[in-house]
Amino acid sequence: MTAAALLSVRGVVKRFPGVTALGGVDFEVRAGEVHCLLGQNGAGKSTLIKVLSGAHRPDEGEIRWRGEVVEFGNPTAAMRSGVAAIYQELDLVSGLSVADNVFLGHELSKAGFTKRADARRRTRALLRRLGHPEISPDRDVGRLSVAHQQIVSMARALSLDGQLLIMDEPSAVLDPDEVRVLFGIIRELTAQGVAVIYISHRLAEIREIGDRVTVLKDGRTVATGLDAREVKTADLIALMTGRVLENVYPRRKPVDPAAPVVLQVRGLADEDRFREVDFTVHAGEVVGLAGLVGSGRSEILETVYGARKAAGGTVEVDGRRLRRGSVGAAVRAGMGLCPEERKSQGLLLDQAVYRNITVSSMSSFARFGFLDDRAERARAATLTESLDVRPAGVERVVRGLSGGNQQKVVLARWLLRECRVLLLDEPTRGVDVGARSEIYELIRALADSGVAVVVVSSDVEEVLGLADRVLVVREGRVVHDGPADEIDESRVLDLVMEGHAA
Amino acid sequence: MSEDTAAVPAQQVKSAPAKKESGISALLGSPAGRNTGLVVALVLLCLGGVVTAGDRFADVDNVLTILRLAAVIGVVSVGMTFVITGGGIDLSVGAIVALSSVWATTLATQGIANDSHWIVMVFTALLVGGACGLVNGALIAYGRVVAFIATLASLAAARGLAEIISNRKTQIVNVPGFTAFFDASVLGVPVLVVIFALVAAGGWVLLNRTTFGRRTFAVGGNPEAARLAGIDVRRHTVMLYTLLGLCCGLAAVMLIARTTTGSATHGGLYELDAIAAVVIGGTLLSGGRGTIAGTVFGVLIFTTLSNVFTLNNLSISAQAVAKGAIIVVAVLLQQRLARRSGA
């Protein structure tokens with residue numbers, strides 16, 4: 001590994017009206033290294049990336065690129081110098097094809113005419129390199145799954161032939177085998193001298209792929225140049241949060257074998273994604289659903305909830321059969337769903353916190369259709385206080401909250417309804433370590449109060465840590481159903497990927 | 001009239017730091033300030049009227065004329081505010097007004113009205129309008145036709161049907177009870193204006209104080225999230241268009257009273273006037289945010305503008321140009337404010 005600093009950042013400050021997002025960031029990235037950025041949500045990682053990729057101008061401090069002071073006025077300037085960023089919020093244009101998106105902004109052209117065949121050919125090559133030859137360059141990006149969109153986003157960054165690649169939580173929507181492919185590509189790139197800034201909440205990944213770590217807290221560098229393999233997890237968490245965390249997952253209580261079955265799913269099937277899905281959840285039990293993206297696990301959850309129409313099978317809550325394909329019936333029976341895409345499926349982003357919380361229980365605040373606004377706010381305030389939603393204030397617009405706090409708002413919605421069954425799809429995606437353990441504890445507390453909980457997660461460790469019982473889903477079938485403490489991570493991964501070229 | 005009382009504190013917190021940058025735009029950004037902007041525009045227009053037309057403008061009869069004209073399009077615009085806040089659009093309102101006016105004034109309907117009670121005409125118009133809205137809503141919600149296309153089709157069909165029924169002839173109203181009721185005044189205020197005021201007040205309450213209104217914001221703000229939260233989005237969509245249809249039926253009744261005729265040409269370009277009034281009032285065309293007070297001001301601004309131009313013998317074409325300019329300025333302003341509060 002060469003020691004030359006490709007990028008060096010000194011005392012960078014970025015202020016927004018009312019807040020200082022970055023209050024002095026220093027670090028150095030060498031050519032050919034994977035430099036990990038760690039920090040809780042709100043620590044300033046996203047702002048830093050935007051500064052580095054030219055989307056924001058720093059107010060103070062200097063950025064040196066190959067030893068020279070630079071100022072990237074806009075993303076195109078950064079791109080030309082060889083800095084490419086893959087954002088967490090995908091920046092693809094749906095309606096355009098995969099190939100069009102890959103070369104958007106730097107179209108291959110001759111005399112103003114785009115060279116479409118060339119673009120298609122090179123896109124296909126990039127996708128093959130990323131291990132996804134099945135994505136056609138001609139597909140409309142909007143019709144791809146989130147995971148595939150992430151791949152396209154990565155192909156776009158690779159197409160720039162960058163010297164520095166910034167990846168903001170690339171693994172959040174990827175399956176274990178896709179993450180493996182991604183790591184293979186990262187190794188290949190770093191061997192060629194390309195530097196990577198890698199951001200992830202998953203410490204295990206950082207150990208596997210990272211070389212050095214920089215930790216941000218409240219917009220400042222609190223540690224830099226740590227060895228990614230040697231540094232202790234407890235130290236990292238202490239640096240990030242400023243406090244010491246012992247056990248991330250809350251202690252399980254043994255499930256009472258006599259507890260009644262709350263949710264019973266029999267022979268559930270849809271048109272093509274899954275079939276013959278049977279499972280039961282007892283009161284007080286947390287059942288985890290593990291499986292690859294595309295294995296049908298999210299679809300199963302949505303179908304149980306009635307948000308997708310089932311082709312066959314039944315769903316019963318407390319012994320009563322639900323009408324097929326009706327969210328209203330599921331909600332009335334006491335079901336709640338925290339959907340996978342919090343922003344697009346879960347929240348009314350431009351509305352107040354309390355309105356997001358009471359949206360599913362409006363009738364309990366209404367008399368002849370007239371809402372008691374004050375009572376709504378009071379109830380929401382009690383809930384947000386007990387969940388420690390920050391910043392406090394039920395009048396705040398949800399858009400401004402961090403991922404963890406937004407997730408708490410969605411959870412509060414179902415707490416208010418006093419659900420019998422809570423379905424959680426990726427409850428900690430985009431949620432930082434500190435808030436994560438709070439959400440785990442909340443889920444556990446709900447179960448202890450008698451709620452039947454179903455959790456879907458791509459993070460196998462999370463499923464095993466949180467659930468009492470684990471179901472493994474592969475290609476639309478439940479292939480394993482057993483207690484969480486009788487199975488380990490590698491066994492789950494084996495089950496999940498059997499029949500897949502790993 | 002602070003529309004979004006609930007959202008006031010949050011937005012104040014947000015715009016507080018921005019206020020230091022430029023006072024005027026920050027003031028316009030707050031909900032109260034946005035209506036202030038509309039009030040200022042209306043006052044300026046009135047001043048323009050007084051300066052150019054003097055006593056002919058600042059005359060009680062003239063003001064009542066403005067209000068009577070504003071009342072009809074105003075009722076449609078209040079309904080339109082609901083549909084747009086709920087994430088939809090309706091291009092067929094003018095045609096629905098025409099069809100309702102024709103159906104309520106056929107010889108047969110008037111005959112029944114004269115034999116029983118004039119209220120029959122009112123119910124006929126409401127029924128026709130409501131039915132048209134129901135069809136629009138069902139096409140959009142259950143037939144999954146894009147609102148723009150579905151209501152474009154209704155526009156053509158409803159006006160065509162109105163022409164068939166009326167045989168392209170203007171139908172004169174000859175029901176004394178009906179005319180007498182709607183020509184009357186309450187404490188000097190014409191009944192038509194009273195109806196508009198009641199509809200606006202009722203609309204405000206419905207949008208801001210009821211579960212129906214709250215669901216409208218939710219459905220318009222994020223239909224998928226609303227659905228997963230347990231709201232029956234499709235049924236709500238049907239109700240929104242039906243509500244607008246009923247408003248069109250009521251507007252038809254008012255138009256019949258004002259002109260003493262029913263005609264297939266009634267309500268021409270109402271869709272544009274209503275959408276324009278709603279948008280300059282501050283309701284987001286993309287849904288999720290809406291204000292009845294803003295819509296009322298929007299209607300008053302456009303009607304006053306027409307009046308001032310007419311008093312100065314300026315052509316209808318000049319009016320259209322001025323209207324277009326106002327819409328562009330309002331939308332530009334709205335976008336700037338949206339960006340500010342979104343930052």
Side-chain angles (χ1 to χ4, degrees), chain A residues 16-19 302 305-307 326-332 335-339 341-373 376-377 391 393-400 410 413-414 417 423 425, chain B residues 4-22 26 29 31 85-87 202 205-236 239 284 286-290 338 340-343:
Chain A
F16 293 111
V19 270
E302 285 171 13
Y305 189 60
S326 163
V327 173
V331 171
R332 276 191 297 277
M335 245 195 245
L337 170 76
C338 296
E341 296 290 320
R342 201 159 39 233
K343 288 184 181 171
S344 63
Q345 301 181 303
L347 292 164
L348 307 165
L349 280 176
D350 290 316
Q351 295 184 27
V353 166
Y354 82 93
R355 291 189 174 199
N356 273 280
I357 293 176
T358 58
V359 66
S360 297
S361 331
M362 260 190 267
S363 48
S364 65
F365 294 101
R367 261 192 156 192
F368 309 113
F370 288 87
L371 281 165
D372 183 351
D373 216 62
E376 276 184 87
R377 272 179 264 192
V394 291
E395 312 278 2
R396 255 169 218 286
V397 175
V398 167
R399 191 185 286 280
V410 180
R413 176 187 299 165
W414 301 117
R417 256 198 88 84
L423 310 173
D425 200 348
Chain B
D4 314 298
T5 35
V8 170
Q11 294 199 0
Q12 274 174 351
V13 170
K14 267 195 159 174
S15 60
K19 242 172 213 163
K20 280 173 207 151
E21 291 173 34
S22 73
T85 305
V205 171
L206 187 62
L207 190 61
N208 295 293
R209 289 284 177 270
T210 67
T211 51
F212 181 86
R214 189 67 65 75
R215 290 198 186 112
T216 304
F217 284 115
V219 167
N222 187 345
E224 178 67 359
R227 184 174 82 101
L228 292 178
I231 294 173
D232 192 333
V233 174
R234 288 191 288 189
R235 198 182 62 188
H236 195 82
M239 290 201 284
L284 270 188
S286 51
R289 196 158 79 199
R340 186 172 293 275
S341 66

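Residue numbers start from 1 in every chain, and the chains themselves are labelled A, B, ... in the order their sequence lines are given, proteins ahead of strands.
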Chain B contact via A:Thr358 - which portion, at a heavy-atom distance below 4.5 Å: side chain

Spacing of CZ belonging to B:Arg227 relative to CG belonging to A:Leu337, to within rounding of 0.5 Å: 10.0 Å

Proximal component of B:Leu228, with respect to chain A [non-hydrogen, under 4.5 Å]: both

Separation of A:Glu376 CD from A:Ile357 CD1 (nearest 0.5 Å): 10.5 Å

Under 4.5 Å from any heavy atom of chain B - which part of A:Phe368: neither

Proximal component of A:Gln345, with respect to chain B [non-hydrogen, under 4.5 Å]: both

Nearest heavy-atom neighbours spanning A:Gln351 and A:Asn356: O-ND2, 3.4 Å

N-O pairing of A:Arg377 and A:Glu395 below 4.0 Å: yes

A:Val398 side chain near A:Leu348 side chain, heavy-atom distance below 4.5 Å: no

Heavy-atom pairs under 4.5 Å with chain A, option from B:Asp232, B:Ile231, B:Thr210 with the top count: B:Thr210

